[in-house]
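Have a look at the structure below before the remarks.
Because the structure is predicted, anything quoted here is derived from the model rather than measured. In listed order, ligands and their atoms are each counted from 1.
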Amino acid sequence: MMRRLLYVFLFLTAAAPGYAVSGDHPLINNIPNRTTISLNGSWHFIVDPYETGLHSRFYQNAKAKDKNDLVEYDFDKSDTLNVPGDWNTQKKELLFYEGPVWYERAFSYRKREHTRVFINFGAANYFSRVYLNGEALGEHEGGFTPFNFEVTDKIHDGENFVVVEVNNARRRDAVPALNTDWWNYGGLTRDVALVEEPDTFIYDYVVQLAKGSGQEISGWVQLTGAFSEQQVTLEIPEVGIRKTVLTSADGYAEFHFLAKLELWSPAHPKLYDVVLSSGADKVHDSIGFRTIETRGTRILLNGEPIFLRGISLHEEAPMRGGRAFSQQDAETLLGWAHELGCNFVRLTHYPHSENMIRLADRMGIMVWSEIPVYWDIDWENPSTLQNAKSQLRDMIARDHNRASVILWSLSNETPVKPERTTFLRQLAETARRLDSTRLLTSAMNHVDESGIDTRTLNDPLGEYLDVLGLNEYLGWYWGRPEDADRMQWKTAWDKPLIMSEFGGGAPYGRHGSADERWTEEYQASIYQHHIVMLKKIPSLAGLSPWVLMDFRSPRRQLPGVQDFYNRKGLISNQGQHKQAFYVLQKYYQELESGK
Ligand code: GCU
């Protein structure tokens with residue numbers, strides 16, 4: 001009950017003026033298994049650096065009525081972009097472009113009785129205004145979470161046109177703010193689709209094991225459009241489970257019952273077909289059941305200690321570059337992680353696509369999912385806090401039925417100061433109210449030098465977390481690779497530690513001696529010495545070195561070496577495996593074989 005009210009409260013407050021907004025209807029969960037009509041494909045676009053389109057009402061998609069009429073834009077005569085996709089890698093002249101771009105596409109639709117229609121966006125970076133047939137539907141802020149608008153009364157029976165202004169301009173009060181180490185790919189970066197639903201339908205639900213119980217299913221379901229108590233049935237046909245509950249007048253109901261299920265794990269990524277039905281609505285979902293907890297410095301999966309053999313990665317498309325979005329992109333990236341010997345990935349620094357998460361469910365790869373509270377942001381600005389809360393709410397709402405997701409991360413490398421810790425403490429409280437079954441973490445990087453070769457993590461943020469993430473770049477930004485042999489790491493808490501980032505840069509194919517920076521040998525040496533160091537950290541429960549694949553960054557300009565790429569990948573952006581890949585792979589094989 002509390003959790004449901006919080007989703008609605010966070011949604012309603014997000015709609016308040018000046019605060020981050022998120023579509024006009026709470027997120028419809030499980031879009032991949034809903035009745036949808038794709039609007040992907042080729043959309044016209046107009047680049048609008050001065051945002052003239054707002055004043056000139058580009059969203060009306062007007063045409064000159066006669067030879068005297070003054071209309072200074074024409075979508076039909078404008079160039080096109082593929083959706084989904086970023087504009088930066090589709091048009092050379094837009095590689096560095098940050099600002100407003102207007103998208104338009106026409107489509108025909110056949111209206112039907114008792115059918116509600118929504119338009120759903122998987123993501124759009126960063127701030128969007130959406131219009132249908134010239135009418136404003138609303139706005140959305142945040143580049144990596146889904147949003148939807150109801151268009152039942154606005155969609156025409158026949159020809160329609162949708163116009164979306166997408167603006168990826170960076171702002172001091174935004175999330176992320178002005179400075180990041182990744183390319184600010186702009187556009188309609190994930191799937192766009194119409195979603196058809198009955199008048200009353202199941203828009204969100206959680207069906208998971210209760211915290212710490214391998215047998216009790218504890219969940220809830222929320223209908224929309226219900227004006228009286230209604231029956232909802234939950235089925236897991238494979239094990240003959242069928243439970244029917246009655247909702248409250250406003251469409252909410254909870255489930256609590258015992259069930260003997262095969263538990264999801266990397267070794268056995270068991271997913272069940274779960275069916276929820278109510279009235280004219282029926283939703284299928286593939287759900288795995290597992291428990292995730294901590295005990296002291298151990299992380300327990302299904303009650304057993306597990307070590308997270310991980311890697312960090314950006315949502316960058318292998319080979320072609322640009323923002324990744326497709327099933328193929330996910331298969332390539334997680335395929336490499338699998339080849340490395342990973343049972344865990346840290347998806348940085350923002351929620352990745354649902355394709356990626358659902359593939360991790362199927363492959364048995366555990367996931368760290370993060371919101372882009374990155375480096376320094378406008379901590380004391382209420383709209384920034386609301387924005388971060390909305391992105392957190394939507395990240396959790398989209399993936400709260402995914403067994404693979406074990407960790408919600410609130411932030412990355414944020415400065416230790418009171419206003420920041422207060423901000424993040426509030427996010428931690430929000431996350432715990434929304435989802436009490438998963439673990440909370442953050443990637444921290446402020447440590448105390450508590451001896452020549454000893455560093456202690458005692459960032460006050462650690463207090464509010466279940467698992468401590470630590471980014472350190474010994475051998476790259478400070479010290480030499482071999483210094484790791486002597487380095488001791490301590491933390492101020494009896495909590496599991498994940499070394500969430502370490503590494504060094506080397507363009508593929510650049511060779512030299514192990515003490516020559518920017519060579520594969522130097523990068524490999526950082527890994528070899530780190531493995532010695534990691535084996536000595538008592539509270540270490542996992543690692544996710546930086547980074548699986550080289551990725552574009554506007555902060556990396558060294559000619560002939562970086563060329564606007566962060567070269568800390570174990571694999572180049574063209575898929576070439578560097579020496580360090582095999583160093584880490586060997587270590588993970590040892591860990592997996594228990595050597
Ligand atoms: C940081 C940061 C990453 C960045 C990396 C680097 O730790 O979290 O986003 O890319 O260091 O400097 O390469």
Can you tell me the protein heavy atom closest to atom 13 (O) of ligand 1 and the distance?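 Residue, atom and distance for the closest contact: K568 NZ, 2.7 Å.
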
Among all protein non-hydrogen atoms, which one is nearest to atom 7 (O) of ligand 1, and what is the separation to 0.1 Å?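 Atom 7 (O) of ligand 1 sits closest to the protein heavy atom E413 OE2, 2.3 Å.
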
Residue pairs fulfilling salt bridge (charged side-chain N to carboxylate O under 4.0 Å, His left out) with at least one residue in residues 551-562, sequence neighbours excluded: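 Pairs touching residues 551-562 that pass the test: D181-R555, D181-R556.
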
Applying salt bridge (charged side-chain N to carboxylate O under 4.0 Å, His left out), run through R480 and E482 and close with a yes or a no. CA-CA 5 Å; R480 308 186 59 77; E482 56 275 18; 3.1 Å; yes

Counting both backbone and side chain atoms, is some N or O of W546 under 3.5 Å from an N or O of ligand 1?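 Yes; the residue has a nitrogen or oxygen that sits under 3.5 Å from a nitrogen or oxygen of the ligand.
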
May I ask you to check if ligand 1 and Y477 share an N or O to N or O distance below 3.5 Å?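 By distance alone, the answer is yes.
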
If you measure from each heavy atom of R556 to ligand 1, is any distance below 4.0 Å?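 The answer is yes: ligand 1 sits under 4.0 Å from a heavy atom of R556.
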
Ligand 1 contacted by W182 (non-hydrogen, < 4.0 Å):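 In this structure, W182 fails to qualify as a contact of ligand 1 - no heavy atom is under 4.0 Å.
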
Report the C-alpha distance between K578 and D550 in whole Å, list the side-chain angles of each, state the deciding distance to 0.1 Å, and finish with yes or no for salt bridge (charged side-chain N to carboxylate O under 4.0 Å, His left out). CA-CA 11 Å; K578 304 175 192 177; D550 293 355; 2.8 Å; yes

Determine, stepwise, if the pair E339 / Q585 fulfils side chain to side chain contact (heavy atoms under 4.5 Å, CB included). CA-CA 8 Å; E339 182 195 348; Q585 185 188 51; 4.1 Å; yes

Contacts of Q208 that satisfy side chain to side chain donor-acceptor pair (under 3.5 Å) - sequence neighbours left out: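 If we apply the side chain to side chain donor-acceptor pair (under 3.5 Å) test to Q208, skipping adjacent residues, the hits are R438.
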
Just going by heavy-atom distances, which of D181, N471, T180 is nearest to atom 4 (C) of ligand 1?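 The residue whose heavy atom sits nearest atom 4 (C) of ligand 1 is D181.
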
